[in-house]
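Below is one structure, written out as C-alpha cells; the observations come after it.
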Amino acid sequence: MSKINPLPPTTAFTEIKTSKPAAQAAGFTAVYSSIKHVFGVMPLKRGLKALLNLNQKDGVDCPSCAWPDPDGERSKIAEYCENGAKAIAEEATTRKVSPVFFQKYTVEELSQKSDYWLGQQGRLTHPLVLREGKSNYEKISWEESFQLIGTQLNSLNSPDEAIFYTSGRTSNEAAFLYQLFVRMFGTNNLPDCSNMCHESSGSALGETLGLGKGSVKLDDFEKAEVIMILGQNPGTNHPRMLSALEKAKRAGAKIISINPLIEAGLLKFKHPQEMQDVFFGGEKLTDLYLQIRINGDLALLKAINKLLLVTEKKTADVFDKDFIINHTENYEEYFKSIENEDLESLSEICGISLNQIKEATELLIQNKKIIVCWAMGLTQHKNSVATIREVVNLLLMKGSIGIEGGGTCPVRGHSNVQGDRTMGIYEKPKSQFLDKLKEVFDFEPPRKHGFDTIESIKAMADSKAKVFVALGGNFLSATPDTEYTAKALQNCDLTVQISTKLNRSHLINGKTALILPCLARTDRDIQANGEQFVTVEDSMGVVHSSHGVLKPISEHLLSEPAIVAKIANATLKNNKLDWENLIANYDNIRNLIEKSILGFDNYNEKVRISGGFYLPNPPRERQFSTDSSKAKFTINELNAIQLLDNQYLMMTIRSHDQFNTTIYGLDDRYRGIFNERRIIMMNENDIIEANLQKYQVVNLYNDFGGIERIAERFIVIPYNIPHKCVATYFPETNVLIPIDSFAEISKTPTSKSVIITIKPIFDGGKAIFAK
Ligand SMILES: Nc1nc2c(c(=O)[nH]1)N[C@H]1C(S)=C(S)[C@@H](COP(=O)(O)OP(=O)(O)OC[C@H]3O[C@@H](n4cnc5c(=O)[nH]c(N)nc54)[C@H](O)[C@@H]3O)O[C@H]1N2
Ligand SMILES: Nc1nc2c(c(=O)[nH]1)N[C@H]1C(S)=C(S)[C@@H](COP(=O)(O)OP(=O)(O)OC[C@H]3O[C@@H](n4cnc5c(=O)[nH]c(N)nc54)[C@H](O)[C@@H]3O)O[C@H]1N2
Ligand SMILES: [Mo]
C-alpha cells in the first residue's frame, strides 16, 4: 500500500499556452464548448434529452451549482450554462468503468494516473471490493457489501468510531434517511463538504441574524440598487448568476466587484441565448472593481463601515435608524469601535486606495437596496467568520436586510448542499432537531456533537475512528493536507465510497474498501412503486423536484436512498422502521421529512407544483431568531496576516474546466491559461524580484507547525494579481494546506490563505522551463 501516491502525478507537462485574459464571459464560445463536451461523450439523442430537461420545471435539477432557477417563465430550450453542460457530460457519459477495467489496472497503477484521466474513464457500473492485501478491486454482490458494512459497524467499540461524510449533490430524500440511520446507529459524526465551503457563512449569519442561510430571492436582483460581489467568480462557478446580474444592470443597479483577480465574468456578459447580446456586445457588469489583496476584505469592510458612520454623523441620512433601534442590538458598542479604526492603515492592509474606498462608500451612502454576494474568497480564511459578520454590520447600518432588493447572498456551491443541512446532515445538530427525531421515530438520538471534517481526519489519524463512509464526494482530494489525510484514511479498517465516478478517494483506502455505484441526478430512478423523483433546495431556499430522464448506464446501480436504506437494514438492531417500504415510494420518505422538519407541510403536494416552494426565512421578514430576537452588530478584530520577505499568500481556486475535484479539461479559458493545471499565477514584479522567469518550473513549500509540505513542479505564470499574492488550482495544491490551519469558529480549512515559499528547481545546475 505504501507505494500508492495520494497526490496527482507531477510529471506530464503538456504544451502550456497562455494568452491575454478574456474581457467578457459566455458568448458563442460557451455554446460551442457546451456542445463539444456533451456530444463528445454520448449519443446525440441522449445528450439532447439531458440538455433539454435541464432546469426545466419538472425536469432535471442541474447537478452543477446551487444558483436558483427563475420562479416564473423559463427559457424553453436552455436554462443551463456552459458548466452545467459539462457537468451533464461528465455524469451522463456512456463510457463505463466495469469490473474488467479493475482487473486490468491495479490500484497502484490507477494512482499514477491524473485526476482528469480517472474521470474520463466513465461511470462506475458494479459494486466493487478491495479486500485486505489485494492489489485490485473486484466485483462483489450488493448483498455481501451491505453485510460487510453492517458487520464492521457493529464490531466497533462505539458508534463514534464511524464517520459518515456527505457531499452536496445528495438529494433531500437520501440525506434525510442517511442522517436518520446514522443517528439511530448512535453518532453525530456527520461531516460534510459544507465544512470546507460555506460553514463560515453559516456560523456568521446564524449568530448575527438567527439563520445560517442567505436572505435574498432571485427577484431581488432586479430591484437592487447596489450589488457587491466579494470573493466569487460567477463567470465560471455560477454562470447563470450572470443573467441575474445582467437584468439587475438593465434595471439600473451598480455593481462593485472585490477580488484579487480581474475575473472576465465580472466584467461583461454576452448572454449566449439572447440575440441582442450576441450581436450588440452584451452587458457591462462591474462599475467599480476593487482589486483587493488576498484576505484584505475585513480591512476594506471596516474602512467602508467607518466612512459610512462618519458620513452619518455629518449628514444624518445614511443609516436606517428605525431599523437599527428596533431590530438590532450592540450598535453603540460597534459604532464606538469602528470609529477608532484608522483609515490609512486599513487601506494599506487591503491594498485599495482611500479614493477607491470612498468611491465604493459613496454608492452605499446614496442607496439602500444593497445585496452583498460572496463565496469561497470570503469563507476560506482564518478570519472568515469575522469578515462575514462585518458584511452583516454593513447591511444592518443601512437597514438593507428584509427589504425588497437588499440582503445577504452567500452563493452556495454544490447543487443541494443547502438542502442536505436542512435535512440534518450536521455534526452539531440543535437539540430541537434531535427532540423532534426522538418524538417522530421513538428512539434516543445521540446528543454529543460529532466530528466535522477536520476532526474526522484527525480521529482517523489517531485511530479513534475506524470506519469511513462517504455519500458522494472525493474526500481525499477535497480536504487539506493530502498526505496527512491519506494516512488517516489508510488507518481505517473499512472505507466505503458511494459514488458515480472513479476518483482519487477510491485509491487511498482502509484495510478493506468498497465502491458502491449509484444513480446520478440525470438517471431514471425506478423503485417497487414505479418511477421516482427526488427533491433539492437551491441557494435561495426554494425546494423543488428533480426527475431523472436517462436510461442508467448499468442495471447494477442503486439509488442513493436505496443504498442508505439497505445499509441501515444490515446494520441496525432493534430496527423499528420499514426501510424497504420507504424506498418503494419516495413520497413515504417525504412524509417523514414533513413530520420531522419545519417548513415542509404538505411536502408531497407542494413539491409537485411546478417550480416548488420557498422554505420559511425569518430574516427575510425582519425576524431574527437570536437569543434576543434582534439582529446583532459584532466587533471583529483585525489580525492581518504578516508575511516574511520570502513568503507569499496563496489562494487555491477553481479553473474554468473543473467541478471541484472533477477535472473536465486542462484549460482556464477566461484567464487565458491553456493545457496545464500545475501553474502558479504571480505578480510580474514579484517574479523579477524572486529572480524567476515566465514558465520557469518551481516547487512550492509550506512549513506551518514545523512540518515541511511540498507541492512539486509548478509553472510560473505572470498574471495581474496584487503584490505577494499568488494563485494555484485546487486540488493540486491541497497538499500544502495545513490540517491545523482553519477558520476560527467554523473550522473551515484556510484554502484561500496558504502561506508558501517558492523555490526554482534545477537539472544539472540549470533552471527548468516548461518550454
Ligand atoms: N463550474 C464549476 N462550478 C462550481 C464549482 C466548480 O468547481 N466548477 N464548484 C461549486 C462549489 S462547491 C462552490 S463552493 C462554488 C465556488 O465558487 P467560487 O467561490 O467562485 O470559487 P473559487 O474558484 O474558489 O473562487 C473564489 C474567487 O474568490 C477570489 N478570492 C480568493 N481569495 C480572495 C480574498 O481573500 N478576497 C476576495 N475578495 N476574493 C478572493 C478568487 O480570485 C476567485 O475569483 O462554485 C460551485 N460551482
Ligand atoms: N484547496 C481547496 N480545497 C477545497 C476547496 C477550495 O476552494 N480549495 N473547496 C472546498 C469546497 S467549497 C467543497 S464544496 C469541497 C468539495 O468536496 P466534495 O464534495 O467531497 O468533492 P467533489 O469534487 O465535488 O466530489 C466529486 C465526486 O463526487 C461523486 N459524485 C458526483 N455526483 C454524484 C452523485 O450524484 N452521487 C454520489 N453519491 N456521488 C457523486 C463522484 O464520484 C465525483 O468524483 O472541496 C473543498 N476543498
Ligand atoms: Mo463548495
Side-chain angles (χ1 to χ4, degrees), residues 149-150 152-168 170 172 174-199 202-203 206-207 212 416-473 475 479 488 492 494-496 498 560 564-565 567-568 571-577 592-593 596-598 742 745-748:
I149 298 172
Q152 273 294 343
L153 286 175
N154 284 315
S155 71
L156 296 174
N157 291 324
S158 142
D160 291 331
E161 289 183 351
I163 287 165
F164 299 89
Y165 174 72
T166 314
S167 168
T170 296
N172 282 354
F176 183 78
L177 289 191
Y178 190 54
Q179 63 81 32
L180 184 62
F181 152 62
V182 169
R183 294 194 165 111
M184 286 181 164
F185 174 63
T187 180
N188 284 310
N189 286 345
L190 284 158
D192 69 348
C193 66
S194 244
N195 294 148
M196 301 176 266
C197 185
H198 265 293
E199 196 71 64
S203 302
E207 178 193 344
N416 197 37
V417 63
Q418 189 159 315
D420 291 346
R421 269 293 160 87
T422 308
M423 292 300 114
I425 302 290
Y426 190 28
E427 74 283 355
K428 298 184 194 68
K430 288 212 170 119
S431 52
Q432 297 96 299
F433 180 86
L434 298 177
D435 293 344
K436 199 74 193 165
L437 287 187
K438 177 178 169 167
E439 181 193 314
V440 176
F441 296 99
D442 188 24
F443 77 110
E444 204 50 65
R447 300 280 164 168
K448 194 175 98 187
H449 285 173
F451 297 138
D452 61 20
T453 294
I454 297 281
E455 290 158 353
S456 295
I457 298 169
K458 295 195 143 197
M460 291 187 276
D462 297 344
S463 303
K464 287 187 195 137
K466 300 196 171 112
V467 175
F468 175 83
V469 181
L471 183 52
F475 191 83
T479 52
C492 287
L494 174 69
T495 47
V496 181
I498 302 166
E560 290 183 350
V564 172
I567 295 177
T571 307
L572 297 178
K573 298 165 180 163
N574 309 322
N575 189 3
K576 287 180 233 160
L577 210 57
L592 295 182
I593 296 174
S596 314
I597 300 173
L598 204 73
F742 43 73
I745 300 173
S746 67
K747 291 196 103 176
T748 298

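Everything numeric in this text was worked out from a predicted model, so none of it was measured.
To the nearest 0.5 angstrom, I597 atom CD1 is 5.0 Å from F176 atom CZ. Going from atom CG of L577 over to atom CG of L572 covers 9.0 Å, rounded to the nearest 0.5 Å. How far CG of N172 is from CG of N416: 5.0 Å, rounded to the nearest 0.5 Å. Taken to the nearest 0.5 Å, the OG atom of S167 stands 11.5 Å off from the CD1 atom of I498. With rounding to the nearest 0.5 angstrom, the NZ atom of K464 is 11.5 Å from the CG atom of D160. In this structure, K448 NZ and E427 CD are separated by 13.5 Å, a value rounded to the nearest 0.5 Å.
The two residues P445 and K438 come nearest to each other via the heavy atoms CD-CB, 3.8 Å. Considering every non-hydrogen atom in both S203 and S746, the closest pair reads OG-CB, 3.5 Å. The shortest heavy-atom contact between P429 and N188 is CG-OD1, 3.6 Å. Heavy atoms only, all atoms of each residue included: F185 and L153 are closest at CZ-O, 3.6 Å. The two residues L434 and P446 have their closest heavy-atom pair at CD1-O, 3.4 Å. Between L156 and A162, the closest heavy-atom pair is CD1-CB, 3.7 Å.
In this structure, F164 and F181 have perpendicular ring planes: the angle between them is above 60°, well past the 30° mark.
With a 4.5 Å cut-off on side-chain heavy atoms, N154 and K573 count as touching. Under the 4.5 Å side-chain criterion, counting only non-hydrogen atoms from C-beta, Q179 is in contact with L437. The closest side-chain heavy-atom distance from F443 to R183 is below 4.5 Å. Side-chain contact between L180 and M184 is present, with heavy atoms from C-beta onward closer than 4.5 Å.
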Quick one, T453 with F475, criterion side-chain contact (heavy atoms from CB on, under 4.5 Å). Give me CA distance, side-chain angles, the key distance, then yes/no. CA-CA 9 Å; T453 294; F475 191 83; 3.9 Å; yes
Please report the C-alpha distance between C193 and Y165 in whole Å, then the side-chain angles of each, then the deciding distance to 0.1 Å, and finally whether the side-chain contact (heavy atoms from CB on, under 4.5 Å) criterion is met. CA-CA 8 Å; C193 66; Y165 174 72; 3.4 Å; yes
Begin from the C-alpha positions of F441 and S596 and carry the test side-chain contact (heavy atoms from CB on, under 4.5 Å) through to its verdict. CA-CA 9 Å; F441 296 99; S596 314; 3.5 Å; yes
Go through the steps to decide whether Q152 and V496 satisfy the test side-chain contact (heavy atoms from CB on, under 4.5 Å), and finish with yes or no. CA-CA 11 Å; Q152 273 294 343; V496 181; over 6 Å; no
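With a 6.0 Å radius and a threshold of 12 heavy atoms from other residues, nucleotides or ligands, K428 has its NZ atom above the threshold.
Taking the six-membered ring for Trp and the full ring otherwise, the centers of Y426 and F433 sit at least 6.0 Å from each other.
Contact check on K436 versus E439 returns a salt bridge, with a Lys/Arg side-chain nitrogen under 4.0 Å from an Asp/Glu carboxylate oxygen. A salt bridge is absent between K458 and D452; no separation between the charged side-chain nitrogens and carboxylate oxygens falls under 4.0 Å.
Evaluated for a side-chain contact (heavy atoms from CB on, under 4.5 Å) with I163, the options V469, N189, T187, V182 yield exactly one hit, N189.
Under the 3.5 Å distance criterion, the side-chain polar atoms of K747 are left unmatched by any main-chain donor or acceptor of I454. Within the 3.5 Å criterion, the main-chain N or O of N195 finds a donor-acceptor partner in the side chain of T748. Using a distance-only test at 3.5 Å, with no hydrogens or angles considered, a donor-acceptor pair links the side chain of D192 to the main chain of S194.
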